[in-house]
Amino acid sequence: MMSQLPKNFYWGGSVSSFQTEGAWNEGGKGLSIYDVRPTPAGHADWKVAIDEYHRYKEDIALMKQMHFNFYRFSIAWSRIIPNGDDDVNEEGVAFYNRLIDELIANGITPMITLVHFDMPYKLVKEYNGFASRYVVDLFERYARVCMERFGNRVKHWMSFNEQNLHSMRLIYSNAEVVPEGISEPAFLYQVAHNVMIAHCKAVKALRELVPDAKFGGMTTITNYYPATTTPQNNLFVQKANNLMNMWVTHVHAKGSYPSYYTHYLKERGWYPHFEEGDEELLKNTCDYLCFSYYRSNTLTEGEFDMTTPFADTVEKHVIKNPHLEATEWGWEKDAKGLRYVMNDLYERYDMPIFILENGMGARESLDENEEIHDDYRIKYHQEHIEEMKKAIIEDGVECLGYITWGPIDIPSSSCEVAKRYGFVYVNRTDSELLDLRRIPKKSFYWIAQVFGSNGENLSNNE
């Protein structure tokens, strides 16, 4: 019986381009949707982020100190093809070539995400984002450019970050206008279908262009518990898990829509229009299943009605779990839920799984010694790694790695610098850039010990 993690296990971090790079108008980059999208009051903007564009060597050196052997980053589509439908920007290609080469020189395996919520603004303004099949074709062209330019060194690829979110909110597909005569739910699920076709076209392209590379499909998974022991509450949770978490993963693994999703949409008149060849495209399955996991939610008894999109229905039934602590943002910390999810995914699909995001946000500031004693973050990762190890060693789940979210502080997805996830503090606030210095937190030294020991040494010695 296995007593420890595999020797080739991956440890590292995940980020997006718009939350790290900055340099929003440098190097030939075009306008992205995030360059024009307003941020909430009191939050920062994306113009500088943490200035990774200029500081990537410094940050990769910090990753090496933390014993990273894996780093997942996203490409800014507007840095490669500035308007999404024009010529390739060679300066953008050169930047990612430098980044990839620096990672490899430091013993870190790169993984590319093609779209992490962002896209060239022109494609939203002129074509309504992924509501347009023309944009699906433009995405395929962009994916092929990236594969041709980077595929000789990058052997792990992903299409869309947290792809199931595209069936929950139109904002993730950057489709802004619901056409007249179409209900918003019908439009939402049509766009989600278009995104799935774009994903499948990317998988197909990778098989042609970089046959020795692997493609991972990604979902974000929130584990759900029933608030009571009633059969109806349990049934509602089962349906919520399928619709919120699993339908996208089913396509990634099996190459077709699951019956529960198909029937849910058809019953309500929301089933998407398939173009000729779509059924065949869906058969381009993935090599492994990636997911982000941060928390669980507890749901009261409910029903899925005939008019409300499923994500809105689920949201209305979330209550606080009295057995769990939450972050300041209300995300309930549940390490055992990670083990539950790992088992559920592996049993359903019998494919390798890959934890691509895990972490917790907290407000932090330097003390008088310029230190941050983030024992709460150490505890969070310690508990999640322990449960992950049990899933692998005791339950037999095949898992490729444990990748943390935002290992060096970055603005959150709503551009809130105050919500910090990193093991390294970046000296800026929402209102002031300051000097952007990188300052390791207590967790930096702890995570280096964990990753360096392949998950064997999880102790936090005060």
Ring centres under 6.0 Å, that's the criterion: do [X] and [Y] meet it?
X      : Y      : answer
Phe310 : Tyr189 : yes
Tyr349 : Tyr288 : no
His116 : Trp405 : yes
Trp446 : Phe444 : no

Any donor-acceptor pair under 3.5 Å linking the side-chain atoms of [Y] with those of [X]?
X      : Y      : result
Asn194 : Gln190 : yes
Glu332 : Asn321 : no
Tyr172 : Asn174 : no
Asp334 : Tyr225 : yes
Glu432 : Thr429 : no
Glu357 : Ser14  : no
Asn358 : Thr404 : no
Tyr402 : His384 : no
His252 : Gln163 : yes
Ser167 : Trp247 : yes
Ser16  : Ser74  : no
Asp45  : Thr39  : no
His67  : Gln449 : no
Asp375 : Asn460 : yes

Item to complete: Give the intermediate values and the outcome of salt bridge (charged side-chain N to carboxylate O under 4.0 Å, His left out) for residues Asp395 and Lys390.
Response: CA-CA 7 Å; Asp395 307 337; Lys390 286 175 187 171; over 6 Å; no

Should [X] and [Y] count as side-chain neighbours, where that means a heavy-atom distance under 4.5 Å?
X      : Y      : result
Phe423 : Arg377 : yes
Val15  : Thr20  : yes
Leu299 : Pro226 : no
Arg438 : Ile50  : yes
Asn343 : Val397 : yes

Basic-acidic side-chain contact under 4.0 Å: [X], [Y]:
X      : Y      : value
Lys441 : Asp409 : yes
Asp51  : Arg55  : yes
Arg420 : Glu364 : no
Arg348 : Asp344 : yes
Lys29  : Asp35  : yes
Glu58  : Arg437 : no

Worksheet entry | Charged tip of Arg72 within 45° of Phe70 ring normal and under 6.0 Å | no

Worksheet item: With sequence neighbours left out, what residues match Glu102 under side chain to side chain contact (heavy atoms under 4.5 Å, CB included)?
Response: Tyr56, Lys57, Ile60, Asn106

Worksheet item: Which one of Phe117, Phe139, Phe215 satisfies the ring-ring contact (aromatic ring centres under 6.0 Å, His included) criterion with Phe160?
Response: Phe139

Worksheet item: Looking at Phe451, Phe68, Tyr71, which hits ring-ring contact (aromatic ring centres under 6.0 Å, His included) with Trp11?
Response: Phe451

Worksheet item: Where do Lys442 and Glu371 land on the salt bridge (charged side-chain N to carboxylate O under 4.0 Å, His left out) test, with the steps shown first?
Response: CA-CA 8 Å; Lys442 183 180 178 184; Glu371 292 175 348; over 6 Å; no

Any donor-acceptor N/O pair, [X] side chain to [Y] backbone, under 3.5 Å:
X      : Y      : result
Asp305 : Thr308 : yes
Gln19  : Pro411 : yes
Glu21  : Tyr53  : no

Worksheet item: Which class fits the ring pair Phe304 and Tyr264: parallel under 30°, tilted 30 to 60°, perpendicular over 60°?
Response: perpendicular

Item to complete: Just jot down the ring pair (Phe, Tyr, Trp, His ring centres under 6.0 Å) partners of Trp331, sequence neighbours excluded, or say none.
Response: Tyr294

Response to the item:
For Cys290 and Leu356, the nearest pair of non-hydrogen atoms, with its separation, is CB-CD1, 3.5 Å

